[in-house]
*Asks:* 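Below you'll find the structure I mean.
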Amino acid sequence: MLSRGVRPDQSNFVAATSAVTGLGNLKLLESLRTLAMKANFEGDVVVGTAILNMYTRYDTRLDLAFRFFEGMLEKNEYSWSTMISALSQIGRLDDAISVYDKDPEKTIPSRCAMLTGYAQNGRVHEARQLFEQTRNPTVVSWNAMIAGYAQNGMIEEAMELFDRMPVRNSITWAAMISGCAQNGKNEDSLQLLAELHRRGMLPSHSCLTTSFFACGNIGALEMGRQVHSLAIKVGSHFNSYVGNALITMYSKCKNLGDVAQVFSRMKVRDTVSWNSLIAGLSQNSMLEDARNAFEQMPHRDAVSWTAMISAYVQAGQGNEALEIFLRMLREGIKPNSSTLAGLLSTCAGLGATKLGRQIHCLAFELGLELDIFVCNALITMYFKCGCVDAFGVFDDMPERDIVSWNSVLAGCAQHGFGREAFKVFEQMKAEGVLPNHVTFVAVLCACSHAGLVDEGRHYFNSMSSDYGLMPLNGHYACMVDLLGRAGRLCEAEDLISDMPIEPDSVVWGALLGACRIHQNAELGRKVAERLFQMEPGNSGNYILLSNIYASLGMWDEVGKVRKLMRDRGVSKEPGCSWTQTKNRLQYFVTGDRQHEQIEEMHALLKEFYGKLKANGYLPETNCVLHDIEEEQKENVLLCHSEKLAVAYSLLNTPSGTPIQIIKNLRICGDCHTFIKFVSKETGREIDVRDGNRFHHFIDGACSCGDYW
DNA sequence: ATAGGGTTAG
């Protein structure tokens with residue numbers, strides 16, 4: 001056009017800028033802008049606003065966009081609203097507010113942008129004020145307010161506006177249907193879709209997308225199929241949002257055949273389609289397929305990398321997760337708060353404090369150190385690794401959600417900070433945060449671990465009387481544990497028999513654990529038999545019972561339990577457990593290959609012990625490995641040192657394949673032991689029942705991450 | 001073209 005000497009007009013420029021959208025090419029944009037200036041359009045509001053809009057999409061910091069906005073000779077209502085909306089979307093709410101304040105007109109678009117800005121940054125009350133001050137709200141104003149309420153969990157208020165508003169459009173319905181689904185009211189959201197349908201209206205792409213989300217949330221496969229055919233009927237199935245939502249819906253409904261079909265029939269697969277596929281596959285434990293999809297996809301974004309990392313995290317493959325992360329960094333992809341949160345939970349699982357600290361540093365570099373997700377993950381990581389730095393992270397948080405409070409309470413429980421847990425709990429209440437079921441599990445666990453029986457009772461009662469929270473099995477399990485550890489086995493038994501809900505195996509398991517501590521073989525046998533019926537495949541119950549007998553020196557009974565296991569074919573998978581009798585530690589190995597396993601472990605332990613010594617970890621010479629005693633050759637290994645037990649438990653993993661792990665020496669293990677561990681850092685007993693890693697207690701320093 | 005709605009990771 002230009003080469004033929006035709007001067008482009010306003011609409012040409014607008015069309016050209018819109019064509020540039022999605023190309024992500026800032027240089028192209030700059031040249032368009034130069035062209036506009038040459039063609040004497042630099043002062044044109046419409047062209048200017050179109051250029052501004054382009055800037056807001058590419059410029060992540062918005063500095064260029066803002067400078068351009070400031071320089072605009074003329075601004076219309078949309079120039080203002082575009083700038084306000086862009087600033088508030090990246091969280092620069094204060095700048096958005098000051099732009100809004102400077103707007104002399106404060107037109108409806110400008111107000112709507114500001115309203116949404118407030119709502120998306122959690123300031124619903126200001127959003128509401130803005131809405132209420134608007135004299136003639138348009139349908140856009142109503143929609144913005146409905147969405148604002150829904151995004152802030154105020155679904156009743158949103159519903160009330162929805163019922164009250166004079167005119168609704170398709171966006172109103174989409175906002176309401178989405179609001180319900182986002183707030184766990186999936187059935188309501190599907191009912192709204194049905195009502196929309198009944199009224200003879202056609203559902204928009206957004207309505208369909210969000211309805212699939214709702215179906216997926218509740219696993220409503222049949223409903224999902226019906227909506228799917230509706231989508232085909234209205235021709236929406238080619239829309240990428242709809243297609244992507246279908247992938248997610250079918251994978252949440254565990255219908256992988258349909259996932260594959262939808263994916264293969266899609267005309268255009270964007271990054272979200274691939275990401276949804278990866279997420280769906282990994283959530284259905286098809287890790288290999290997820291990885292293949294990941295390797296095949298054309299453009300991987302931060303979400304793709306994060307999805308793959310968390311797939312490995314969930315599968316317990318921390319090393320793979322880490323390798324993917326390193327590759328991500330090498331390829332220059334910037335991690336976001338979710339990436340870091342996933343990695344931190346891996347560190348927590350591995351007890352990898354050193355790596356955890358490195359990721360903490362990375363969070364500072366990326367400016368994510370105060371991000372709520374990152375902080376919550378940091379708190380859990382530090383606590384699981386036994387570092388009280390968790391408190392510092394918690395204290396520095398500018399805002400906290402229920403997860404933050406629960407994480408800190410759980411940490412107190414794990415580390416025996418009973419009284420501190422109460423303080424945190426009171427502080428939480430004072431700040432007006434309502435405790436939930438998880439909160440009480442943590443508080444009761446803290447009581448149990450600190451041996452605070454009366455306090456535990458008080459909080460247990462307060463749950464239902466003050467907060468209307470009915471105790472669940474987890475809470476009963478804590479109480480049984482609390483009473484049981486305090487030696488009040490009868491009371492624990494009574495509590496179980498008075499339960500209004502059916503006690504699960506965890507509750508009985510807590511009682512069995514108490515029997516183990518107090519060496520009560522009579523009750524232990526009774527409880528264990530019940531557990532054998534409830535979970536016939538769980539070898540842990542058999543081992544616990546045999547540990548009780550072993551602790552009383554009742555070796556005949558130990559033999560009987562082991563025979564029972566063999567007869568019932570329980571211990572196909574090799575497993576191991578620790579127990580302590582007086583001044584000895586015993587290591588039980590179960591499974592068909594017990595004998596060779598012991599030999600192999602023996603050898604590996606010697607090797608490992610040598611490494612420990614070489615690294616200055618076990619200075620005392622009395623930590624000798626005792627030979628297997630004749631009479632318990634088959635199943636019991638004895639040693640005399642608690643420290644050696646720590647070394648042993650380092651090698652132990654919950655998955656029951658200790659040998660492999662030992663060879664790698666990469667993953668430190670979970671210990672199912674009743675040995676008391678005291679943290680050198682806090683001087684307090686560590687609760688090892690909840691997956692705490694304690695290798696650093698060998699010498700106060702974290703050894704993991706060095707891989708020895 | 002621009003103010004309001006929708007999919008993926010945690």
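Letters A, B, ... mirror the listed sequences (proteins, then strands); counts begin at 1.
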*Asks:* Within the structure, does a side-chain N or O atom of A:Gln314 lie under 4.0 Å from either OP1 or OP2 of B:dA9?
*Replies:* no
*Asks:* Choosing from B:dA9, B:dT8, B:dG5, which nucleotide comes nearest the side chain of A:Ala147?
*Replies:*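 Out of B:dA9, B:dT8, B:dG5, the nucleotide with an atom closest to A:Ala147's side chain is B:dG5.
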*Asks:* If you check every side-chain atom of A:Ser85, which of B:dG4, B:dA1, B:dT8 has the closest atom?
*Replies:*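 So the nucleotide nearest the side chain must be B:dG4.
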*Asks:* Strictly below 4.0 Å: does A:Ser178 bring a side-chain N or O up to OP1 or OP2 of B:dG6?
*Replies:*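 Yes.
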*Asks:* Could you state the CZ-C1' distance from A:Arg269 to B:dT7, rounded to the nearest angstrom?
*Replies:*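 About 16 Å, once rounded to whole Å.
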*Asks:* Figure out the OH/C1' separation between A:Tyr312 and B:dG10, and round it to whole Å.
*Replies:*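 Checked: the OH to C1' distance equals 19 Å.
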*Asks:* Of all the choices, B:dG4, B:dT7, B:dA3, which nucleotide is nearest to the side chain of A:Ile108 once you look at every atom?
*Replies:* B:dA3
*Asks:* In this structure, how many angstroms lie between the C1' atom of B:dG6 and the CG atom of A:Leu246, rounded?
*Replies:* 13 Å
*Asks:* Could you tell me how far apart A:Phe162 (CZ) and B:dG4 (P) are, to the nearest whole angstrom?
*Replies:* 19 Å
*Asks:* Does a nitrogen or oxygen in the side chain of A:Ser310 sit under 4.0 Å from OP1 or OP2 of B:dG10?
*Replies:*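 For A:Ser310, the contact criterion (side-chain N or O under 4.0 Å from OP1 or OP2 of B:dG10) is met.
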*Asks:* How are the rings of A:Phe68 and A:Tyr55 set to each other: parallel, tilted or perpendicular (split at 30° and 60°)?
*Replies:* tilted
*Asks:* Counting any heavy atom closer than 4.0 Å, what does A:Phe212 reach on the DNA or RNA strands: base, sugar-phosphate only, or nothing?
*Replies:* nothing
*Asks:* Using atom CZ of A:Phe238 as one end and atom C1' of B:dT7 as the other, report the distance to the nearest whole Å.
*Replies:* 18 Å
*Asks:* Ignoring hydrogens and angles, does a donor from either the side chain of A:Asn244 or the base of B:dG6 sit under 3.5 Å from an acceptor on the other?
*Replies:*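 No pair found.
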*Asks:* Considering only side-chain heavy atoms of A:Thr209, which listed nucleotide, B:dT7, B:dA9, B:dG5, is closest?
*Replies:*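 Nearest to the side-chain atoms of A:Thr209, counting from C-beta on, is B:dT7.
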*Asks:* Base, sugar-phosphate, or nothing for A:Asn376, non-hydrogen atoms under 4.0 angstrom?
*Replies:* nothing
*Asks:* When all nucleic acid strands are considered with a 4.0 Å heavy-atom cut-off, which category describes A:Asn336: base, sugar-phosphate, or nothing?
*Replies:*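 Base: the residue A:Asn336, judged by heavy atoms under 4.0 Å, touches a nucleobase.
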*Asks:* Looking across every strand, which nucleic acid part, if any, lies under 4.0 Å from A:Asn169 by heavy atom: base, sugar-phosphate, or nothing?
*Replies:* base
*Asks:* The side chain of A:Ser81 lies closest to which of these nucleotides: B:dT8, B:dG5, B:dA3?
*Replies:*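 Per side-chain heavy atoms of A:Ser81, the pick is B:dA3.
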*Asks:* Can you say whether a donor on the side chain of A:Ser206 sits under 3.5 Å from an acceptor on the base of B:dG5, or the other way round?
*Replies:*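 Per atom types, the contact qualifies.
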*Asks:* Starting at CD1 of A:Ile333, measure out to CZ of A:Arg300 and round the result to the nearest 0.5 Å.
*Replies:*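 Here the rounded value is 8.5 Å.
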*Asks:* Between B:dA9 atom P and A:Gln283 atom CD, what is the distance in whole Å?
*Replies:*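 Computing the A:Gln283:CD to B:dA9:P distance gives 6 Å.
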*Asks:* Are any of the side-chain nitrogens in A:Glu295 or A:Arg327 under 4.0 Å away from the carboxylate oxygens of its partner?
*Replies:* yes
*Asks:* Ignoring hydrogens, what is the shortest heavy-atom contact between A:Asn183 and A:Ala150? Give both atom names and the distance.
*Replies:* ND2-O, 3.0 Å
*Asks:* At what distance, to the nearest 0.5 angstrom, does CG of A:Asn186 lie from CG of A:Asn217?
*Replies:*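 Atom-to-atom, A:Asn186:CG and A:Asn217:CG are 4.5 Å apart.
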*Asks:* Can you tell which of B:dT2, B:dG4, B:dT7 lies closest to the side chain of A:Tyr78?
*Replies:*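 Nearest to the side-chain atoms of A:Tyr78, counting from C-beta on, is B:dT2.
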*Asks:* Mind calculating the distance between CD (A:Gln182) and P (B:dG6) to the nearest angstrom?
*Replies:*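 Taking CD of A:Gln182 and P of B:dG6, I get 7 Å after rounding.
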*Asks:* Starting at CD1 of A:Ile324 and ending at P of B:dG10, how long is that distance when rounded to a whole Å?
*Replies:*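 Roughly 14 Å, once rounded to whole Å.
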*Asks:* Is the phosphate of B:dG6, meaning OP1 or OP2, less than 4.0 Å from a side-chain N or O of A:Ser204?
*Replies:*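 So the side chain of A:Ser204 is outside the cut-off, no N or O lying under 4.0 Å from OP1 or OP2 of B:dG6.
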*Asks:* Would you call the rings of A:Phe162 and A:Trp173 parallel, tilted or perpendicular if under 30° counts as parallel and over 60° as perpendicular?
*Replies:*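 Rings of A:Phe162 and A:Trp173: perpendicular, as their planes differ by over 60°.
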*Asks:* Counting only side-chain N and O atoms of A:Gln120, is one of them less than 4.0 Å from OP1 or OP2 of B:dA3?
*Replies:* no
